[in-house]
A.B. asks: 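Please see the structure below; I have some questions.
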Amino acid sequence: MTTMTSPTTLPPGPTVPRAVQGAYALTQPLRGMRRLKERYGDAFTVNVPIFGNAVVISSPAEIKQLFTSGPELVDNLEVNLGRVLGPRSMFALSGDEHKRQRKLLVPPFHGRRLAAYEKIVEEETVRELATWPEGRAFATLPSMMRITLNAILRAVFGAEGAEFAELRELLPPFVTLGSRLAVLPIPKKGRFNPWRRFERMRREYDAIVDRLIAKARPDGDDVLAMMLQTRYDDGSGLSREEIADQLLTLLTAGHETTATTLAWAVERLRRHPALLAELAEDDGKLLDATILEVQRTRPVIDLTARQVKQDGFRLGRWTLPKGYAVLVSIALIHDDDAVFPHAATFDPHRFAGARPDLYQWIPFGGGTRRCLGAAFATMEMTVVLRTLLRDFTLVPTQEPGERWHSRGVAYAPAKGGRAVVRRRNTGGDS
């Protein structure tokens, strides 16, 4: 990978004004990407609000090259989720500062510590599933939202009592509003401005986190307690602002996106009765593969992005100027028959006994900015689905698959992942 002073070489793309391209991106996000690929190929240039001038790529080789390039060549976007998650969020940090803080936050999400959170997730799942009606259709997304929120509040925030209740009420509308503000070019000034409501909710959130920090136990197993004990190489600890922003980042990364994937899993499983029958006899491997396939065919986030930091950045066939965004279309590479044969077919067996290539299967992004909570989210999904399939029978359906619905940052099933269930009897028979 080198930088060069050779002339800019950009892939083709639409030439209509930015406002028109932006309207198209907002109203036809997934379908629009597929149409642009059909017209221009696996790379094309766009000019849209928030990102500005950008190159969209979906070639495995170019994605790998992008993800393995150093931060001096490509790094975080100047406009990113940090504007809603806070300036000390992992999304807002770049370069050495990002690397330094990521090093501190990785340990709580791996190995023995991660396994300790499984019990919390199962408890929250059993509690929520006890409210499910039998024999009539209902949307599962609200339930999945409650499970993942409650699990993160307990395992990550260490919240209980009044703080748990307050955060459970505050965070859903707070995250929903933040998701919408993150993808809409709304200025922070103006008489009637949603940013004012967002900032008011942020102040409430910060006040609750301050109380949690004051109550945190030094020997606690939750992530907040570990954050308070961890130290940088120079012996200093995380500041209150860093902790508040990172907790919000972890919540955002592991709550709505994980819940939405779980709702998609229900939606997919009900349309594949043979797979449901296999899962009833599964030792866990097919369930793991099913989760991978749900994330491939129904990625809840469509784009992961970088920004060119040096002029003349060579990316595969292209030479990009400084300041351009590079957008990786997750849906386009996941839908590519050359990468995943018969890509339109939902087939978990493609992952049986094999782990996916992390430059091709990229629901968590990739490279140094791969989602910090990916292992936690995978654990959550595994425990929730394992518990669901243990305690309930999902009634298959011949209804068409649910359409994609944008919730701001994430794409959810339009009907909320509707299910009809029957509780299994105590003997374990279906």
Side-chain angles (χ1 to χ4, degrees), residues 29-31 34 125 128-129 132-145 147-148 256-282 284-302 330-337 339-352 356 361 363 377-378 380-407 410-424 430:
L30 294 172
R31 187 181 303 173
R34 294 184 178 104
T125 303
E128 180 64 31
L129 296 186
W132 279 16
E134 290 191 67
R136 64 177 177 84
F138 66 100
T140 59
L141 181 57
S143 280
M144 301 307 185
M145 289 284 196
I147 292 169
T148 59
E256 181 175 4
T257 51
T258 305
T260 304
T261 301
L262 285 165
W264 275 122
V266 170
E267 188 272 350
R268 292 288 79 200
L269 286 172
R270 291 192 66 217
R271 286 154 180 82
H272 294 83
L275 176 60
L276 279 172
E278 287 186 82
L279 286 170
E281 308 296 329
D282 181 36
K285 294 180 181 178
L286 183 56
L287 179 59
D288 292 343
T290 298
I291 292 170
L292 295 174
E293 182 71 344
V294 171
Q295 291 175 286
R296 182 190 72 82
T297 58
R298 297 296 187 274
V300 299
I301 304 294
D302 183 44
I330 298 171
L332 289 185
I333 188 171
H334 285 189
D335 287 348
D336 191 339
D337 285 323
V339 180
F340 298 101
H342 309 290
T345 301
F346 181 79
D347 180 16
H349 294 93
R350 74 174 75 242
F351 292 119
W361 179 90
T378 300
E380 280 188 289
M381 291 185 283
T382 302
V383 173
V384 173
L385 289 176
R386 184 178 66 209
T387 307
L388 165 59
L389 295 173
R390 179 195 70 196
D391 295 349
F392 286 89
T393 297
L394 278 174
V395 178
T397 181
Q398 294 184 342
E399 294 177 358
E402 294 186 32
R403 296 176 180 239
W404 302 69
H405 168 69
S406 173
R407 291 175 51 88
Y411 288 98
K415 295 181 180 179
R418 285 170 70 80
V420 177
V421 300
R422 294 194 181 95
R423 185 173 294 277
R424 294 182 185 273
S430 58

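Residue numbers start at 1 and run along the sequence shown.
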A.B. asks: What's the separation between atom OG1 in Thr125 and atom CG in Leu388, rounded to the nearest 0.5 Å?
C.D. replies: 9.0 Å

A.B. asks: Once side chain to side chain contact (heavy atoms under 4.5 Å, CB included) is applied, do any residues pair with Lys285, and if so which ones, sequence neighbours excluded?
C.D. replies: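 So Lys285 forms a side chain to side chain contact (heavy atoms under 4.5 Å, CB included) with Asp283.
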
A.B. asks: What are the two closest non-hydrogen atoms of Leu141 and Ala259, and how far apart are they?
C.D. replies: CD1-O, 3.7 Å

A.B. asks: Listed by chain and number, what are the salt bridge (charged side-chain N to carboxylate O under 4.0 Å, His left out) partners of Arg296, not counting sequence neighbours?
C.D. replies: Glu293

A.B. asks: Side chains of Met144 and Val266, heavy atoms from C-beta outward: is any pair under 4.5 Å?
C.D. replies: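 Heavy-atom side-chain distance check passes, below 4.5 Å.
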
A.B. asks: If the condition is side chain to side chain contact (heavy atoms under 4.5 Å, CB included), which residues does Asp336 pass it with, not counting sequence neighbours?
C.D. replies: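 Asp336 satisfies side chain to side chain contact (heavy atoms under 4.5 Å, CB included) with Lys37, Ala338, Val339 only.
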
A.B. asks: Show me the donor-acceptor pairs, under 3.5 Å and distance only, between side chains in residues 269-277 and residues at least two apart or in other chains.
C.D. replies:
from	atom 1	to	atom 2	distance (Å)
Arg270	NE	Val395	O	2.7
Arg270	NH1	Arg418	O	2.9
Arg270	NH2	Val395	O	3.2
Arg271	NE	Glu399	O	3.2
Arg271	NE	Pro400	O	3.3
Arg271	NH1	Glu267	O	2.8
Arg271	NH2	Pro400	O	3.1
His272	ND1	Arg268	O	2.8

A.B. asks: To the nearest 0.5 Å, what is the distance between NE2 on His334 and CD on Gln295?
C.D. replies: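 Taking NE2 in His334 and CD in Gln295, the distance rounds to 8.5 Å.
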
A.B. asks: Any side-chain to backbone donor/acceptor pair from Arg298 onto Tyr411? Under 3.5 Å, distance only.
C.D. replies: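 No, because the side chain of Arg298 does not come within donor-acceptor range (under 3.5 Å) of the backbone of Tyr411.
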
A.B. asks: Under the salt bridge (charged side-chain N to carboxylate O under 4.0 Å, His left out) rule, collect the residues that match up with Glu128, sequence neighbours excluded.
C.D. replies: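 Here the qualifying residues are Arg146.
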
A.B. asks: Just jot down the side chain to side chain contact (heavy atoms under 4.5 Å, CB included) partners of Ala352, sequence neighbours excluded, or say none.
C.D. replies: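 Expected list: none.
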
A.B. asks: Might you point out which heavy atoms bring Glu402 and Pro413 nearest each other, and give the distance in Å?
C.D. replies: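 It is OE1-CB, 3.2 Å.
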
A.B. asks: Holding to side-chain hydrogen bond (donor to acceptor under 3.5 Å, both in side chains), I want the full list of residues that pass it with Thr260, two or more places apart in sequence or in another chain.
C.D. replies: none

A.B. asks: Working to the nearest 0.5 Å, report the span between CD1 of Ile333 and CZ of Phe340.
C.D. replies: 6.5 Å

A.B. asks: So, taking the atom named CG in Leu279 and the one named CZ in Arg390, what distance separates them when rounded to the nearest 0.5 Å?
C.D. replies: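 Nearest 0.5 Å value for the CG-CZ distance: 15.0 Å.
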
A.B. asks: Would you please test Asp282 and Leu389 for side chain to side chain contact (heavy atoms under 4.5 Å, CB included) and show each step?
C.D. replies: CA-CA 10 Å; Asp282 181 36; Leu389 295 173; over 6 Å; no

A.B. asks: If you compare all heavy atoms of Phe392 against all heavy atoms of Leu129, which two are closest, and at what distance to 0.1 Å?
C.D. replies: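 In this case the closest contact between Phe392 and Leu129 is CZ-O, 3.5 Å.
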
A.B. asks: CD1 of Ile147 to CD of Glu380: how many Å apart, nearest 0.5 Å?
C.D. replies: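 Reported value, rounded in 0.5 Å steps: 9.5 Å.
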
A.B. asks: Which pairs of donor and acceptor atoms, one on a side chain in residues 133-140, lie under 3.5 Å apart (sequence neighbours left out)?
C.D. replies:
from	atom 1	to	atom 2	distance (Å)
Glu134	OE1	Arg423	N	2.8
Thr140	OG1	Gly416	O	3.4
Thr140	OG1	Gly417	O	2.6

A.B. asks: At what distance, to the nearest 0.5 angstrom, does CG of Leu262 lie from OG1 of Thr148?
C.D. replies: 7.5 Å

A.B. asks: Residues in side-chain hydrogen bond (donor to acceptor under 3.5 Å, both in side chains) with Asp347, at least two apart?
C.D. replies: His349

A.B. asks: Mind listing the closest non-hydrogen atom pair of Leu394 and Ala419 along with its distance?
C.D. replies: CD2-CB, 4.1 Å

A.B. asks: Provide the closest heavy-atom pair for Leu286 versus Glu278 in the form atom of the first, atom of the second, distance.
C.D. replies: CD2-CB, 3.6 Å

A.B. asks: Identify, with sequence neighbours excluded, every residue that meets side chain to side chain contact (heavy atoms under 4.5 Å, CB included) alongside Thr257.
C.D. replies: Val300, Ile301

A.B. asks: Can you name the nearest heavy-atom pair linking Trp361 to Pro356, along with the distance?
C.D. replies: CB-CB, 3.5 Å

